2 protein chains.
Amino acid sequence: MMDTNATVADRNLSRLSREPLWDRAHAQLREALLAGRFEPGSALVLRHLAETFGTSITPVRDALARLVAQGVLEQGPRNSALVPDLRKSALVDITMVRCELEGRATREAAQKATPADIDALDALLADMRGMIARRALDAYLDVHRRFHFGIYALAGIPILDEMIENLWLRCGPILSFVVPEYVVLLKGTDHHQAALDALRRRDGAAAEAEIVADIEEAGRYLLSLADPSGRIRRRVPA
Amino acid sequence: MMDTNATVADRNLSRLSREPLWDRAHAQLREALLAGRFEPGSALVLRHLAETFGTSITPVRDALARLVAQGVLEQGPRNSALVPDLRKSALVDITMVRCELEGRATREAAQKATPADIDALDALLADMRGMIARRALDAYLDVHRRFHFGIYALAGIPILDEMIENLWLRCGPILSFVVPEYVVLLKGTDHHQAALDALRRRDGAAAEAEIVADIEEAGRYLLSLADPSGRIRRRVPA
DNA sequence: ATATGTCGTTTGTTATAACAAACAACAAAA
DNA sequence: TTTTGTTGTTTGTTATAACAAACGACATAT
């Protein structure tokens, strides 16, 4: 009886938001990945996640299947879904493809960006500087992502955006490793500013070069975190 | 009773092959897409496909969910899966990303290809010529795909391969439209041969240029098939 | 004749149960 | 002590039923 009431309540709740349960599970998993809330190498267990989300295993299974199909999660033995534990070689490969795709997107963006677009990105850059000063590093990661994708969105090529987001998701579990050590040194900030300046001058080649440099610099730092076996590990597991 | 027997038989069958049912459904759908056996714009119906495959809707649902997650199928109203009906702009975008990625893969391949690798690809090229002469166009499409991916595999970058395959799948429904008109004119064959020659000379830039030219040429032909609304249609619907 | 409302059908979603494979723990034998 | 066999648990897979939203057909009303 209480069971029935709970079910009805849940149904009504889900009806309000107008989106399937698996969609919500998918979004929550994606966000958790990007925020680095999952231990690289760990297994994602259907019934466990279902309990967390308060649903049956069906929507969770759906969400995990999609993530695996996107290459965001690996499929381990017994078709289980595991959080990828990126090795050096995989990181090098992803970085290369990222440079290729994000570089091209930046070049295209230079042709289409309006002054208003640039100003909006400039505001994000100011936010980012403030967050570093205040050591608000979680928030920084989020705005940093919006800055990059803000540029790529200007290119107006949805498929490019999709593939770039996929690449970010693939290194999601280790993306947060750049904080705090790397980010607070302001290593990449010059590239961000320089890319924006180039965009304002409509200099596509220069903007592309800056973004590529930014990606490669972060890639090199992440690579330096690799342990002898090639796995990328957080500096202080805290 | 007969029902029970049938189920048991199916179980044993699936146990033999050692792969989940959804995996087989996924592979069959992928193959059908690449072969152009699905009408662009049509909806893929769970219960219908389930009957075709002789399974319940669960594995089919799984397979479709993955295809949609990969961007290979679109999700229509009511979260249904539909075969994408590519428009001009989408085709232009995909062609651009293909050039970027397949060009880069070819350049990398030039550094790693051994004479034996080139010889194997040369054999495929000979096959392709024979198939065109015999007008074995379905078989041609298949070998043509193996030729391209044979080159990209030489780069040894799994993530690149994955993303390129994804792009091919995205235009799978219209890929077969290049036959028979375009292919029999041998338009692209020179590029294939020239790319292979460049690979043999370890001239990465030249090989990349040939592959890019091949992709762009096919892209232009496909674009010329667009009707006034921008949709790409088969020349003679047979 | 066109508009509208009702009802049955289609179809994706979710929960659930039965199932089999993998794994771990523990006990028994060499 | 080490190895092996058994058993219980965990966990992904599949089939199935109940469900709700969308769609279409048909009848009724204006």
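Here is the naming used below: chain letters follow the sequence lines, and residue numbers restart at 1 for every chain. Computed from heavy atoms alone, side chains included, the values below leave out hydrogens, waters and symmetry copies. In this text, all values refer to a predicted model and were calculated from it rather than measured experimentally.
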Under 4.5 Å between any side-chain heavy atoms of A/Arg87 and A/Ile232, yes or no? no

Pull out every residue in residues 38-50 of chain B that has a heavy atom closer than 4.0 Å to any atom of DNA chain C, ordered by number, or say none. B/Leu44, B/Val45, B/Leu46, B/Arg47

Mind running side chain to side chain contact (heavy atoms under 4.5 Å, CB included) on A/Leu167 and B/Ile159 for me, showing each step along the way? CA-CA 9 Å; A/Leu167 290 169; B/Ile159 295 159; 4.3 Å; yes

Take atom CH2 of B/Trp22 and atom P of D/dA15, then tell me their distance rounded to the nearest Å. 14 Å

C/dA15, C/dT13, D/dT14: which one has an atom nearest the side-chain heavy atoms of B/Pro20? D/dT14

Does atom CD of B/Glu51 have more than 12 heavy-atom neighbours from other groups under 6.0 Å away? no

Atom CD1 of B/Ile57 and atom C1' of D/dT16 are separated, to the nearest Å, by 9 Å

Which pair of non-hydrogen atoms, one from B/Gly36 and one from B/Ser176, has the smallest distance, and what is that distance? CA-OG, 3.9 Å

Is there a side-chain polar atom (N or O) of B/Asn79 under 4.0 Å from OP1 or OP2 of C/dT13? yes

How long is the line joining CG of B/Leu82 and P of C/dG12, in whole Å? 10 Å

Could you check whether B/Asp214 and B/His148, counting side-chain N and O atoms only, form a donor-acceptor pair closer than 3.5 Å? yes

Taking the side chain of B/Thr58 as its heavy atoms from C-beta onward, which of C/dT13, C/dA22, D/dA15 lies nearest to it? D/dA15

Look at the side chain of A/Arg78 and decide which nucleotide, out of C/dT16, C/dT14, C/dA22, has an atom nearest to it. C/dA22

Taking only residues two or more places apart in sequence, or in another chain, which ones meet A/Asp142 in a side-chain hydrogen bond (donor to acceptor under 3.5 Å, both in side chains)? A/Arg145, A/Arg146

Just wondering, more than 12 heavy atoms not from A/Glu162 lying within 6.0 Å of its CD? yes

Does the side chain of A/Ser229 come under 3.5 Å of the side chain of A/Arg231 through a donor N or O and an acceptor N or O? yes

Among residues 62-74 of chain A, which residues get a heavy atom nearer than 4.0 Å to DNA chain C? none

Identified side-chain hydrogen bond (donor to acceptor under 3.5 Å, both in side chains) partner of B/Tyr152 from the options B/Glu108, B/Arg104, B/Glu102, B/Glu165: B/Glu102

Integer-rounded Å distance: D/dT10 C1' and A/Glu51 CD: 14 Å

Whole angstroms only, please: what is the CZ-P distance between B/Arg61 and D/dT16? 17 Å

